[in-house]
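Just the heavy atoms: all of them, side chains too, but no hydrogens, waters or symmetry mates, feed the values below. As the structure is a computational prediction, the values presented were derived from the model and not from experiment.
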Amino acid sequence: MKVVIVGGVAGGATAAARIRRLDEQAEIVVFERSGYISYANCGLPYYIGGVIEDPEALTLQTPESFFARFRVSMRVHHEVTAIHPERKTVSVRNLETGDLFEESYDKLLLSPGAKPTQPRLPGVDMENVFTLRTVEDTFRIREFIETRRPKSAVLAGGGFIGLELAENLRELGLDVAIVQRPNQLMNPFDSDMASFIHGEVRSHGIHLVLGRTVEGFQAREDGVDVLLKDEAPLHADLVVLAIGVTPDTQLAKEAGLTLGVKGSIVVSERMETSLPDVYAAGDAVQVKHAVSGQDTLISLAGPANRQGRIAADNICGGESRYTGSQGSSVLKIFNLTAAATGLNERAAKNAGLNADAVILSPMSHAGYYPGGKVMTMKVVFEKESWRLLGAQIVGYEGVDKRIDVLATAIHAGLNAADLAELDLAYAPPYSSAKDPVNMAGFLIDNIARGLVKQFRFEELSRLPRDGSATLLDVRTVQEYGQGHVDGFRNIPVDELRQRLGELDRDKPVYIMCQSGLRSYIAARILTGSGFACSHFAGGFRFYEAVACDRRLIASAAPCGMDKDG
């Protein structure tokens, strides 16, 4: 059996190694357009920033080492230009010599990945406007920084690559701005949770210019102007386009393969395309979202590697199935860790699901053990069925551990209240006897049992302030004095029982505290005393972060950046 693989990075390299482990006699040829195989895309920004010092550390394998171990012919600087399914060959161009030839196959795997989305904007081809996808791109950006010593950079796009690159450029001392059309960074997060990401980014001196559209680039003697719609331009020495990725599927389209979302390759659970003996894997393929069941694109390394393995199994006669992608991800942002899995609340509602969420602020480990830090968790579930739909966590220590537990729970089909029953490891340096994941389960179970009702950030502005309801802040007098929501009066929770006479039992009570715990306790006190009440999800800490962020976005001044006009 002869297998030809197009693309030698995540999915392609994994498939090649797996095929060899399953079939020692197979002839395996991999064509890779760039000069590198099996490289760590996610590590590229860290080489630009100098965190990764050795360029060879970016490549997990070389063509030589891959051949030595797996006897796979890795041909770099070779671009497959056409597929001929009727005669089971591909046309290949040697990019070093220009020679064009045909290569036969018995089985063909397409793993071309995704390319940076690069809109056709004026000036996009300027020498100091870059994209970041390959190792070569990385070297070009680093060489530009080392030789030209830029003092400022504008990044168009605030996803994984944009944020990682922003951090690394800032650590190099550049003045950095992120500009993009959406009003938030990191699309996997809901806008309220993204507020904490925005706060961390701003605290390190990065300017956020959100809700603004880039219309082009214009050279100036000392750099480049980033042209914004209805705004004065931003000026910088260096610009990087990081506005997302698009499936690299022109080859598949010309071959007549069935295409799906954003031109991605439609595959079966066996990673088979619409053409016989042609498989596909990685960022170029359409997948089912494991929670919503909808067709989608999820460009992450974990799914790409699993798809490559499954395609290899089936190429070798197996019966492996890819059941869908959940979109679990984690990101380091300076001192902060942000992680997500499944559907966020916005995506769940867009998918037609009757979604709700709980928000909590637990400590990373036992409060009495030194060094604990607060994390913010949002767990999304479906009303009535209580099915877990997704989760987002922003914090410091222990974020990655909790998101993995929640990802596993979603994959296993647990409902939200089941989180309360998980038997998780506890020791004071690592967790609490009631782990944050358990606490999320307790909250949802209380809602399911009707023990408490909650109201959300979006409802705050609609609360009656005409005296027909009681708005109650149950924090301490000192906390209340340091800041509170207009219209809320203060009765500390520990004084509440003695001061019930100050409240009108005929009026609904809306309760707020710092994190949501004391307001829940107050709600139980009031419910037990005949009041109708609900408490604010997330508490004043959450409210303050989100409200402040939205004010800053609305003002949208890229403070400190050089603007014309």
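Counted within 6.0 Å of CZ on R87, heavy atoms from surrounding residues, nucleotides or ligands total more than 12; the atom is thus considered enclosed. Surrounding CZ of R321 are more than 12 heavy atoms belonging to other residues, nucleotides or ligands, all under 6.0 Å away. Counting non-hydrogen atoms of neighbouring residues, nucleotides and ligands closer than 6.0 angstrom, the CZ atom of R181 reaches no more than 12 such neighbours. Surrounding NZ of K253 are at most 12 heavy atoms belonging to other residues, nucleotides or ligands under 6.0 Å away. Counted within 6.0 Å of CG on D423, heavy atoms from surrounding residues, nucleotides or ligands total 12 or fewer; the atom is thus considered open. Surrounding CZ of F70 are more than 12 heavy atoms belonging to other residues, nucleotides or ligands, all under 6.0 Å away.
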N/O donor-acceptor pairs under 3.5 Å from side chains in residues 255-267, not counting sequence neighbours:
| residue | atom | partner | partner atom | Å |
| --- | --- | --- | --- | --- |
| T258 | OG1 | S274 | OG | 3.3 |
| S264 | OG | V261 | N | 3.4 |
| S264 | OG | V261 | O | 2.7 |

Verdict with reasoning, T117 to T246, per side chain to side chain donor-acceptor pair (under 3.5 Å): CA-CA 6 Å; T117 303; T246 303; 2.8 Å; yes

Could you please spell out the steps behind the salt bridge (Lys or Arg N to Asp or Glu O under 4.0 Å) verdict for R270 and E319? CA-CA 7 Å; R270 290 169 44 84; E319 280 296 329; 3.1 Å; yes

Does the side chain to side chain donor-acceptor pair (under 3.5 Å) test come out yes or no for S65 and Q61, once each step is laid out? CA-CA 6 Å; S65 67; Q61 295 275 1; 2.6 Å; yes

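Electrostatic pairing of K2 and D106 does not count as a salt bridge here, judged by no charged N lying under 4.0 Å from a carboxylate O. Salt-bridge formation is detected for the pair E345/K349: a Lys NZ or Arg NE/NH1/NH2 atom is positioned less than 4.0 Å from an Asp or Glu carboxylate oxygen.
Within the structure, the ring-ring contact (aromatic ring centres under 6.0 Å, His included) test picks out no pair touching residues 247-280 (sequence neighbours left out).
Nearest heavy atom pair, residue D283 against residue I298, reads OD1-O, 4.3 Å. The two atoms that bring T14 and R309 nearest to each other are CG2-N, 3.9 Å, heavy atoms only. Looking at every heavy atom in both residues, G113 comes nearest to A284 through O-CB, 3.5 Å.
Put simply, the side chain of N94 does not reach to within 4.5 Å of the side chain of R75, judged on heavy atoms.
Not one N or O on the side chain of E79 forms a donor-acceptor pair closer than 3.5 Å with the backbone of T81. The closest donor-acceptor contact from the side chain of Q180 to the backbone of G158 lies under 3.5 Å. No donor-acceptor distance shorter than 3.5 angstrom exists from the side chain of N168 to the backbone of L165, with no hydrogens or angles considered.
Of the listed residues (E382, R387, K383), just one forms a side chain to side chain donor-acceptor pair (under 3.5 Å) with S385, and that residue is E382.
R142 forms a cation-pi arrangement with Y47, by the criterion of a distance under 6.0 Å to the ring centre and an angle within 45° of the ring axis.
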